[in-house]
Amino acid sequence: MPQTGKSENTIQFNYYMGDQLINVKYRDGRKNFKLYKGAEKIFYNINSIIGYDACVIVEGEMDVLAMHEAGVTNVISVPNGATLNSNNLDYLDNCIDYFDDKEKIILAVDADEPGQALRQEFIRRLGAEVCYLVDFDDCKDANDYLVKYGAEKLRDVINNVRPVPLEGVSTLKDIEDELKDFVKNGFKPGFQIGLKNFDNIFSTYTGQFITVTGVPSSGKSDFVDQMVVGYNQLYGWKTAYASPENQPVYLHAHKLMRKHWQDMPAVGDIGGDKWEQVTEHVNDNYFFIDMDKYNLEAVLRKGAELVKRKGIKCLVLDPFNKIRDVNAHSDDVNRYTMDYLAKIEAFCKKYDVLTFIVAHPTKMYKGQDGKMEEPTMYNIKGGGEWYDASYHGLLVHRDYDAKTTKVKVLKVKFQNLGENGAESFFTWEPRSGSFVPHVGTEAEAEPMPWE
């Protein structure tokens with residue numbers, strides 16, 4: 001065992017998929033664990049749910065054994081427990097087809113905070129309509145409940161599960177845990193991207209959408225890439241792109257590689273360790289929706305599928321005017337815009353996804369100095385509907401003379417998440433394609449990391 005550096009007496013938990021042994025988890029008397037590195041991650045006991053229209057998901061192999069003591073055999077366990085900030089659900093990706101025929105999925109994970117975060121991710125990925133919740137009273141998990149109350153009581157807990165609250169309908173009891181957390185701690189901090197000057201003026205929650213605008217060639221798409229890479233690095237979020245203008249796909253993938261690599265990959269890097277590491281990471285975390293004709297309904301359906309199968313947390317529509325709503329009920333531009341954004345908002349809320357909408361302004365004007373004036377959300381086709389409906393709005397504006405890019409907060413819906421009108425400035429680094437916080441004039445600027 002790696003924790004003790006010597007041989008130990010252990011229990012072996014065999015991870016089978018069909019008749020193939022995928023992995024073995026070893027557990028010693030001190031609760032040290034070991035899995036074979038590099039093996040595919042799957043649920044423990046996954047074969048047990050085949051042929052059932054219901055199953056139970058728990059958070060440890062001992063909880064599976066506890067359920068068996070209570071006569072519940074169609075039960076599986078996650079392989080690596082739960083963590084509070086990031087849950088890597090590779091095992092769900094690898095086993096997702098096992099849940100296609102399930103009408104009832106009972107989430108009997110731990111009652112602690114990481115367990116509850118894992119539960120919410122399962123609900124998001126598997127669908128609230130099939131998920132049911134367990135209350136272990138004063139116990140942490142199924143094994144503790146078995147020890148304290150016995151097999152019959154544990155079986156009763158599984159027989160008396162409650163459905164996830166109805167979508168679109170809430171009672172106080174449904175959201176009481178969130179209410180208690182707010183009373184104790186106030187507003188939850190928003191998610192940030194890891195660039196201090198921007199994080200000081202803007203953050204966001206999931207389940208919302210951000211409108212990003214700016215004149216052509218201002219860096220809108222590139223800054224959206226910077227944001228999703230930041231969310232990936234800080235929180236492990238995966239992103240799907242519906243990006244007709246970011247073609248061919250290999251060039252877009254190259255941009256994302258550079259931001260993760262923090263340099264420009266060279267010919268000599270191909271096949272090397274870093275090349276393999278970065279390409280594998282980009283492959284596993286970014287997905288490119290490719291369609292002959294993009295339309296909003298098809299893109300959102302594909303986004304929903306990617307939530308279920310890959311666990312995406314971000315969706316990028318770039319640009320919105322090339323992803324038409326072919327099922328629109330009105331030719332009126334304002335009504336069309338409101339319906340378009342309402343469909344995106346419904347998708348964001350249902351799947352707890354953060355969506356970026358890149359929107360070009362339709363009218364651009366030059367000031368007396370000959371420079372292009374900064375557009376606002378009212379310059380986008382559809383006008384005020386964009387400002388009214390968007391949760392947040394960002395402007396990306398490039399100053400070619402100063403060689404800086406400004407990102408301005410045009411709108412933030414909740415004041416605890418940002419500051420309306422606030423600005424941050426960046427220098428764009430061409431080798432990595434990254435935006436680097438800019439300080440003062442060129443002479444006063446801090447040295448860049450690559451200098």
Side-chain angles (χ1 to χ4, degrees), residues 17 22 38-43 46 57 76 78-80 82-83 85-102 105 107 117-131 191 206-209 224-225 227-244 246 249-250 252-253 255-257 259-260 276-291 294 296-318 323 344 346-357:
M17 179 179 276
I22 302 297
E40 184 179 28
K41 289 189 177 73
I42 64 171
F43 285 94
I46 188 66
I57 300 178
I76 58 178
V78 305
N80 51 7
T83 56
N85 295 321
S86 177
N87 281 301
N88 187 340
L89 269 62
D90 288 351
Y91 52 87
L92 181 57
D93 299 346
N94 297 331
C95 298
I96 193 69
D97 292 337
Y98 284 80
F99 298 93
D100 286 345
D101 62 346
K102 299 297 178 278
I105 301 172
L107 305 177
L118 178 64
R119 186 179 79 177
Q120 288 305 118
E121 184 65 5
F122 277 134
I123 292 171
R124 190 179 81 90
R125 295 283 302 274
L126 297 171
E129 65 278 4
V130 297
C131 289
F191 295 105
T206 50
Q208 303 180 347
F209 66 90
V224 169
D225 283 350
M227 292 183 71
V228 300
V229 166
Y231 294 135
N232 178 261
Q233 292 175 333
L234 290 178
Y235 312 112
W237 291 359
K238 300 178 181 180
T239 296
Y241 286 91
S243 190
N246 251 319
V249 170
Y250 74 86
H252 193 185
K255 291 180 182 179
L256 295 169
M257 278 186 66
K259 284 181 168 58
H260 279 283
E276 295 300 326
Q277 177 188 350
V278 174
T279 54
E280 182 177 355
H281 184 83
V282 172
N283 181 74
D284 292 344
N285 287 273
Y286 302 95
F287 306 93
F288 307 96
I289 299 172
D290 191 11
M291 296 177 173
Y294 289 83
L296 183 63
E297 298 283 356
V299 166
L300 295 182
R301 281 197 304 271
K302 186 59 66 176
E305 183 180 342
L306 285 166
V307 169
K308 179 180 180 181
R309 294 191 168 271
K310 298 297 181 181
I312 65 163
K313 278 293 247 186
C314 296
L315 175 67
V316 178
L317 309 181
D318 181 12
I323 306 172
I344 293 173
F347 169 83
C348 293
K349 288 183 175 180
K350 181 173 182 177
Y351 297 105
D352 194 30
V353 165
L354 176 65
T355 296
F356 293 86
I357 309 172

Find the distance between [atom1] ([X]) and [atom2] ([Y]) and round it off to the nearest 0.5 Å.
| X | Y | atom1 | atom2 | answer |
| --- | --- | --- | --- | --- |
| Leu89 | Asn80 | CG | CG | 8.0 Å |
| Ile96 | Lys308 | CD1 | NZ | 5.5 Å |
| Tyr241 | Phe356 | OH | CZ | 8.5 Å |
| Ile312 | Thr239 | CD1 | OG1 | 7.5 Å |
| Ile57 | Phe122 | CD1 | CZ | 4.5 Å |
| Leu107 | Cys131 | CG | SG | 4.5 Å |

Exercise. Passes side chain to side chain contact (heavy atoms under 4.5 Å, CB included), Leu256 versus Phe288? Steps please.
Worked result: CA-CA 12 Å; Leu256 295 169; Phe288 307 96; 3.8 Å; yes

Quick one, [X] and [Y] - any side-chain contact, counting heavy atoms below 4.5 Å?
| X | Y | value |
| --- | --- | --- |
| Val278 | Lys259 | no |
| Leu126 | Leu92 | yes |
| Leu317 | Ile344 | yes |
| Leu306 | Ile289 | yes |
| Asn246 | Lys255 | yes |
| Cys95 | Met17 | yes |
| Asp290 | Tyr294 | yes |
| Val224 | Asp318 | no |

For this session: State whether the number of non-hydrogen atoms from other residues, nucleotides or ligands found under 6.0 Å of Lys41 atom NZ is greater than 12.
Result: no

What's the shortest heavy-atom distance between [X] and [Y], and which atoms?
| X | Y | value |
| --- | --- | --- |
| Leu300 | Phe347 | O-CE1, 3.6 Å |
| Val282 | Ala253 | CG1-O, 4.5 Å |
| Asn232 | His260 | OD1-CE1, 3.3 Å |
| Asn283 | Phe287 | O-CE2, 4.0 Å |
| Leu118 | Val78 | CD2-CG1, 4.2 Å |
| Ile323 | Val299 | CG2-CG2, 3.9 Å |

Problem set entry | SB check Lys310 Asp284 (cutoff 4.0 Å) | no

Exercise. Are Glu305 and Lys302 close enough for a salt bridge, meaning some N to O gap below 4.0 Å?
Worked result: yes

Problem set entry | Aromatic centroids of Phe99 and Phe43 separated by under 6.0 Å |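 For Phe43 and Phe99, the ring centres are under 6.0 Å apart.
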
Exercise. Looking just at side-chain N and O atoms, do Tyr286 and Asp225 make a donor-acceptor pair shorter than 3.5 Å?
Worked result: no

Problem set entry | Any donor-acceptor N/O pair, Arg124 side chain to Gly311 backbone, under 3.5 Å | yes

For this session: Keeping the roles fixed (side chain from Asn94, backbone from Ile42), state whether a donor-acceptor pair exists under 3.5 Å.
Result: no

Exercise. Which residues pass the salt bridge (Lys or Arg N to Asp or Glu O under 4.0 Å) test with Glu40, sequence neighbours left out?
Worked result: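 In terms of salt bridge (Lys or Arg N to Asp or Glu O under 4.0 Å), with neighbours along the sequence ignored, Glu40 is linked to no residue.
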
For this session: Anything under 30° is parallel, anything over 60° is perpendicular, the rest tilted; go ahead and classify Trp237 against Tyr231.
Result: tilted

Exercise. After noting the C-alpha distance and the side-chain angles of Asp352 and Arg125, does the key distance pass the salt bridge (Lys or Arg N to Asp or Glu O under 4.0 Å) rule?
Worked result: CA-CA 10 Å; Asp352 194 30; Arg125 295 283 302 274; over 6 Å; no

